[in-house]
Visitor: 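What follows is a structure written as structure tokens; I'll ask about it next.
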Amino acid sequence: MKTQHSHLYQRFLMRGDVLTAGFTMTELMVSVVIMGTLFALAYPSFVNQMSKARQSEAQSYIGAVNRAQQSYYLQHRRFGDIADLEVGIATETESYTYTIAPAGIGPDAIAQTQAEPTDETIRGYAGKVWIDMITMGSANTFTLMCEGDVGNVPMIDGTSCP
């Protein structure tokens, strides 16, 4: 070592900066405990938000299919399947498998759509479109969307959810 810098090194050693230059084990452990606690509190909220985001896919898909069924019925006097509707919705996604079941013609026509979850941590959904005859030659279309329990698709009976 050069002699001109040795006095700086001796002064550094005498101040005791070498002993206080790092973190103590207690400080590190406290930091780890705080970070672990924050993670434990934030993780369930993160998982819940991920489930809600995946469920919103099914809600928007079923809503789009219900609206497309109404439009298709006005043009063709019957409900269509996924290819007829041309809504650009895949029958299988990462989170759901979609099935569309149109049935009947005229006033007895009905169309049901199901979104079955591929993951048991998210809810299933079902949608329904039907016709209500008001007077001869006049009818209204109605839609319904139901949310099931986690991992299950609800069954729609009549005009209400279970």
Visitor: Taking atom OG1 of Thr113 and atom CG of Asp81, what is their separation to the nearest 0.5 Å?
Guide: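 One finds 11.0 Å between OG1 of Thr113 and CG of Asp81.
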
Visitor: Is a donor on one side and an acceptor on the other found under 3.5 Å between the side chain of Ser56 and the backbone of Ala53?
Guide: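 Yes, because the side chain of Ser56 sits within donor-acceptor range (under 3.5 Å) of the backbone of Ala53.
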
Visitor: Measure the spacing between OG1 of Thr24 and CE of Met29 and express it to the nearest 0.5 Å.
Guide: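 That separation rounds to 11.0 Å.
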
Visitor: Measure the CD-CD distance between Gln75 and Gln70 for me, rounded to the nearest 0.5 Å.
Guide: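 Atom-to-atom, Gln75:CD and Gln70:CD are 12.5 Å apart.
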
Visitor: Show which side-chain atoms of residues 94-102 pair as donor or acceptor with protein atoms under 3.5 Å away, not counting sequence neighbours.
Guide:
from	atom 1	to	atom 2	distance (Å)
Tyr96	OH	Arg123	O	2.6
Tyr98	OH	Glu57	OE2	2.8

Visitor: Show the numbers, then the answer: is there a side chain to side chain contact (heavy atoms under 4.5 Å, CB included) between Gln55 and Tyr125?
Guide: CA-CA 9 Å; Gln55 288 172 189; Tyr125 291 88; 3.5 Å; yes

Visitor: Closest approach of Pro154 and Ala126, non-hydrogen atoms and distance?
Guide: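 Answer, listing the atom of Pro154 first, then Ala126: O-CB, 3.5 Å.
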
Visitor: Using the test salt bridge (Lys or Arg N to Asp or Glu O under 4.0 Å), find all partners of Arg67 that sit at least two apart in sequence or belong to another chain.
Guide: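 Counting only residues at least two positions away or on another chain, Arg67 forms no salt bridge (Lys or Arg N to Asp or Glu O under 4.0 Å).
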
Visitor: With the side chain counted from C-beta on, respond yes when Val153 and Pro117 share a heavy-atom pair under 4.5 Å apart, and no when they do not.
Guide: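 The answer is yes; the side chains approach within 4.5 Å.
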
Visitor: Write down the atom of Ala68, the atom of Val87, and the distance for their closest heavy-atom approach.
Guide: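 That closest heavy-atom pairing would be CB-CG1, 3.2 Å.
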
Visitor: Please evaluate residues Phe142 and Lys128 with respect to the criterion side chain to side chain contact (heavy atoms under 4.5 Å, CB included), reporting the C-alpha separation (whole Å), side-chain torsions for both, the decisive distance (0.1 Å), and the verdict.
Guide: CA-CA 8 Å; Phe142 293 94; Lys128 178 181 176 181; over 6 Å; no

Visitor: Here's a test for you: under side chain to side chain contact (heavy atoms under 4.5 Å, CB included), which of Ile131, Leu74, Asn66 qualifies with Thr141?
Guide: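 That would be Ile131.
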
Visitor: Report yes if some heavy atom in the side chain of Trp130 is under 4.5 Å from a heavy atom in the side chain of Leu144; otherwise report no.
Guide: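 Yes, close enough: below the 4.5 Å cut-off.
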
Visitor: Is there a path of hydrophobic side-chain contacts, each under 4.5 Å between heavy atoms, that joins Ile62 and Ile110?
Guide: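 Shared cluster, no.
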
Visitor: Do you know the tightest heavy-atom contact between Met145 and Gly63?
Guide: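 Reported closest heavy-atom pair: CE-N, 4.4 Å.
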
Visitor: Give, for atom CD of Glu116 and atom CD1 of Ile122, the distance between the pair rounded to the nearest 0.5 Å.
Guide: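 That separation rounds to 10.5 Å.
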
Visitor: Using side chain to side chain contact (heavy atoms under 4.5 Å, CB included), reason through Arg54 and Thr93 one step at a time and then give a plain yes or no.
Guide: CA-CA 10 Å; Arg54 289 188 279 161; Thr93 64; over 6 Å; no

Visitor: Mind checking whether Phe79 and Ile82 sit in one hydrophobic cluster, side chains of I, L, V, M, F, W, Y counted as touching below 4.5 Å?
Guide: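 In one cluster: no.
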
Visitor: Got Val129 and Tyr73 here, is their nearest side-chain heavy-atom distance under 4.5 Å?
Guide: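 The answer is no, as the side chains (C-beta and beyond) never meet within the 4.5 Å cut-off.
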
Visitor: Group every Ile, Leu, Val, Met, Phe, Trp and Tyr by side-chain heavy-atom contacts under 4.5 Å, then state whether Val47 and Phe39 land in the same group.
Guide: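 Same cluster: Val47 reaches Phe39 through Ile, Leu, Val, Met, Phe, Trp or Tyr contacts under 4.5 Å.
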
Visitor: Can you get from Met35 to Tyr43 by hopping between Ile, Leu, Val, Met, Phe, Trp and Tyr side chains that sit under 4.5 Å apart?
Guide: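 No; tracing contacts between hydrophobic side chains, which count when under 4.5 Å, never links both residues.
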
